[in-house]
Amino acid sequence: MICKNITIQNGRLLFAGQNAAALLRQYGSPLYLMDEDRIRENCRTYYTAMKEAFGEAALPLYASKAASFKEIYRIVNSEHLGIDVVSCGEIYTAVQTGFPMEKAYFHSNNKTDEDIAFAIENGIGYFVADNEEEVRAVNTIAGQKGIRQPILLRLTPGIDTHTYEAINTGKVDSKFGSAIETGQAEAITKLALELPHIELAGFHCHVGSQVFDSDTFLRSAEIMLEFIAAIKAKYGYTAPQLDLGGGYGVRYLESDPVIDIAENIREVAKFVKKKCAALGLPLPAIRMEPGRSIVADAGMTLYTVGTIKQIPGYKNYVSVDGGMGDNPRFALYGADYTILAAEKMDERCDFECSVVGRCCESGDIIQENVKLPASVKRGDILAVLTTGAYNYSMASNYNRIPRLPVVMLKEGTSRIVVKRESLFDIVRNDL
Ligand code: LLP
């Protein structure tokens, strides 16, 4: 099975040791499940490997865009990770849980003056400043508030990760960051060093998402360290921090490669240390920003089957009571998923179909070319695996369908951590 926390017992699918179908009957359909122990295990993998490989100053930051709600910040905080936040909404959610905001890094390519002021008022640790305009705006607002604001500068090392185009961010022509190649990275560094209310704490890069080859990380680390060395030589400034971004891939299908994250981190650390020695640099405090690889395999979505449509000579459709509103990733990226019939795990799967949602849109597809048991029928329960990342966080109310609840599983118990939206919630802001 692609996820360690999935087992089978008497033809039934167990998630984190609990009967998935029974949970659906208890909490209603459809719903997201999350396995707390798996989230914690993933946090520890990064925390332990980074501390061991890069030293005490290293810290993983959970990229909370992957899944953002109060309980996730509490869990991640109790595992001692920092966080990457990208909006006032994420900042507000984290603050509500008492998250130590000095360990929060504020990303985004376009922060408004209001965002900047809100982040400073809430004690944000660092801005990851994307461009010159932002550095100037942070300097002005920090000055008004009488502080010197620590920032990292987001640079684009010019790497193509060969993953989905839409989530590829490290190339020179990316909308994110300032490019090293064009000289803009150096110009913005010089500016940040001159401004009185800015404390330049180092540099950041992020080259893409769902990346499997460690080569990408080595190459971007190399480019960043060479840049740091060039800045040191020219301006006498030694960057205290280097943030290598997120991006490690997860398995959505049995055919996806298995990746040993701890081993990858050790490999990156070995390379970074060697490169620092060669360039005469002290080892910077390393940050990494995993999102997907912390929460994806800790999540599962359960649906109930409705209409089954067979179009002879063409194709078969199995409709579920959710869709692109709770999982837009196939519609957006053609993303892969594994789908199982939760109470028919002993049956042969030879009924080929598209699993589709209930929205008024042909592109409302969860997955194509799925093989389910031929006996699949209305009322059956389907489980979509590995939905912990970028599903709840990208959910919408398209067609005014209420968003799903999130149920957290831990050691045989379950609890609601995000309530199901009601029809009343749907009209809450309508006047
Ligand atoms: N750091 C930065 C600056 C990022 O932009 C991202 C993701 C991460 C860290 C976390 O990357 P991860 O470890 O999760 O790959 N909605 C897309 C993914 C967008 C990723 C955006 N940035 C999807 O559903 O696949």
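Applying the salt bridge (Lys or Arg N to Asp or Glu O under 4.0 Å) definition to pairs two or more places apart or across chains, those involving residues 177-200 are Glu186-Lys234, Lys190-Glu194. The list of ring pair (Phe, Tyr, Trp, His ring centres under 6.0 Å) pairs with a residue in residues 409-431, not counting sequence neighbours, is empty. Residue pairs meeting the ring pair (Phe, Tyr, Trp, His ring centres under 6.0 Å) criterion with at least one member in residues 119-153, sequence neighbours excluded: Tyr105-Tyr126, Phe106-Phe127. Applying the salt bridge (Lys or Arg N to Asp or Glu O under 4.0 Å) test to residues at least two apart or on different chains, none of the pairs has a partner in residues 89-101.
Residue Ser414 is tested with Met34, Met408, Gln18 for a side-chain contact (heavy atoms from CB on, under 4.5 Å); the sole match is Gln18.
Within a 6.0 Å radius of OH in Tyr92, no more than 12 heavy atoms belonging to other residues, nucleotides or ligands are found.
Residues forming a salt bridge (charged side-chain N to carboxylate O under 4.0 Å, His left out) with Glu134 (at least two apart in sequence, or on another chain): Lys111. By the side-chain hydrogen bond (donor to acceptor under 3.5 Å, both in side chains) test, Glu133 pairs with no residue at all, sequence neighbours left out. Scanning for side-chain contact (heavy atoms from CB on, under 4.5 Å) contacts around Ser255 gives Leu253, with sequence neighbours left out. Every residue meeting the side-chain contact (heavy atoms from CB on, under 4.5 Å) condition with Leu218, not counting sequence neighbours, appears here in chain and number order: Glu267, Val268, Phe271. Legend: residues meeting side-chain contact (heavy atoms from CB on, under 4.5 Å) with Ile401, ordered by chain and number and at least two apart, are Arg358, Cys359, Asn399. Take Asp430 and apply the side-chain hydrogen bond (donor to acceptor under 3.5 Å, both in side chains) test, not counting sequence neighbours, and it matches Arg400. By the side-chain contact (heavy atoms from CB on, under 4.5 Å) test, Thr182 pairs with Val172, Ala179, Gln184, sequence neighbours left out.
The two residues Ser64 and Tyr73 come nearest to each other via the heavy atoms OG-OH, 2.9 Å. Considering all non-hydrogen atoms of both residues, Ile381 and Ala21 come closest at CD1-CB, 3.6 Å. For Leu13 against Ala383, the heavy-atom pair with the smallest separation is CD2-CB, 3.4 Å. A pairwise comparison of heavy atoms in Pro284 and Ala239 identifies CB-O, 4.0 Å as the closest pair. Closest heavy-atom contact between Leu409 and Ala16: CD1-CB, 4.1 Å. The two atoms that bring Met300 and Ala20 nearest to each other are SD-CB, 4.4 Å, heavy atoms only.
The closest donor-acceptor contact from the side chain of Asp326 to the backbone of Ala395 lies at 3.5 Å or more, if one exists at all. For Ser209 (side chain) and Gly247 (main-chain N/O), no donor-acceptor pair under 3.5 Å exists by modelled atom type. The closest donor-acceptor contact from the side chain of Asn122 to the backbone of Phe118 lies under 3.5 Å. At least one donor-acceptor pair under 3.5 Å links the side chain of Arg420 to the backbone N or O of Gly28. The backbone N or O of Glu41 sits nowhere less than 3.5 Å from a side-chain atom of Arg38 that would complete a donor-acceptor pair. Remark: the backbone N or O of Asp297 is paired with a side-chain donor or acceptor of Asn5 at under 3.5 angstrom.
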Per-pair distances, 0.1 Å, donor-acceptor, side chain in residues 48-61, under 3.5 Å, sequence neighbours excluded:
{"unit_1": "Thr48", "atom_1": "OG1", "unit_2": "Arg44", "atom_2": "O", "d": "2.8"}
{"unit_1": "Lys51", "atom_1": "NZ", "unit_2": "Glu56", "atom_2": "O", "d": "2.7"}
{"unit_1": "Lys51", "atom_1": "NZ", "unit_2": "Ala58", "atom_2": "O", "d": "3.1"}

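Between Tyr248 and Tyr46, the ring planes are tilted. Angles from 30° to 60° get that label. Using the six-membered ring where Trp is involved, Tyr392 and Tyr32 have ring planes that are perpendicular, over 60° apart on the 30 and 60° scheme. Between Tyr252 and Tyr337, the ring-plane angle classifies as perpendicular under the 30° and 60° cut-offs.
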* To do: Would you please test Leu372 and Leu382 for side-chain contact (heavy atoms from CB on, under 4.5 Å) and show each step?
  => CA-CA 9 Å; Leu372 292 175; Leu382 296 188; 4.1 Å; yes

* Residues Asp115, Ser87; criterion side-chain contact (heavy atoms from CB on, under 4.5 Å); working and verdict -> CA-CA 7 Å; Asp115 294 341; Ser87 70; over 6 Å; no

* Criterion side-chain contact (heavy atoms from CB on, under 4.5 Å) on Gln96 and Arg74, from CA distance to verdict -> CA-CA 10 Å; Gln96 291 292 304; Arg74 292 187 193 109; over 6 Å; no

* To do: Tell me, with the steps shown, if Arg25 and Glu343 meet salt bridge (charged side-chain N to carboxylate O under 4.0 Å, His left out).
  => CA-CA 12 Å; Arg25 290 191 184 101; Glu343 295 184 290; 2.7 Å; yes

* To do: Would you sort out whether Val356 and Asp364 count as a side-chain contact (heavy atoms from CB on, under 4.5 Å), showing the intermediate values?
  => CA-CA 6 Å; Val356 299; Asp364 174 22; 5.8 Å; no

* Asked: Does the pair Asn391 and Arg329 meet the rule for a side chain to side chain donor-acceptor pair (under 3.5 Å), with working shown?
  -> CA-CA 7 Å; Asn391 276 233; Arg329 297 191 70 257; over 6 Å; no

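In summary, the aromatic rings of His107 and His206 are positioned with their centroids too far apart to meet the 6.0 Å limit.
A salt bridge is defined here as a Lys NZ or Arg NE, NH1 or NH2 lying under 4.0 Å from an Asp or Glu carboxylate O, and Lys410 with Asp37 meets this definition.
To the nearest 0.5 Å, the span separating CG on Leu281 from NZ on Lys273 amounts to 15.0 Å.
At a cut-off of 3.5 Å, with distance as the only test, a side-chain donor of Glu289 or His204 sits close to an acceptor on the other residue.
Ser354 has its side chain out of reach of Val318: every pair of non-hydrogen atoms, C-beta onward, lies at least 4.5 Å apart. For the pair Glu222 and Lys275, the minimum side-chain heavy-atom distance is below 4.5 Å.
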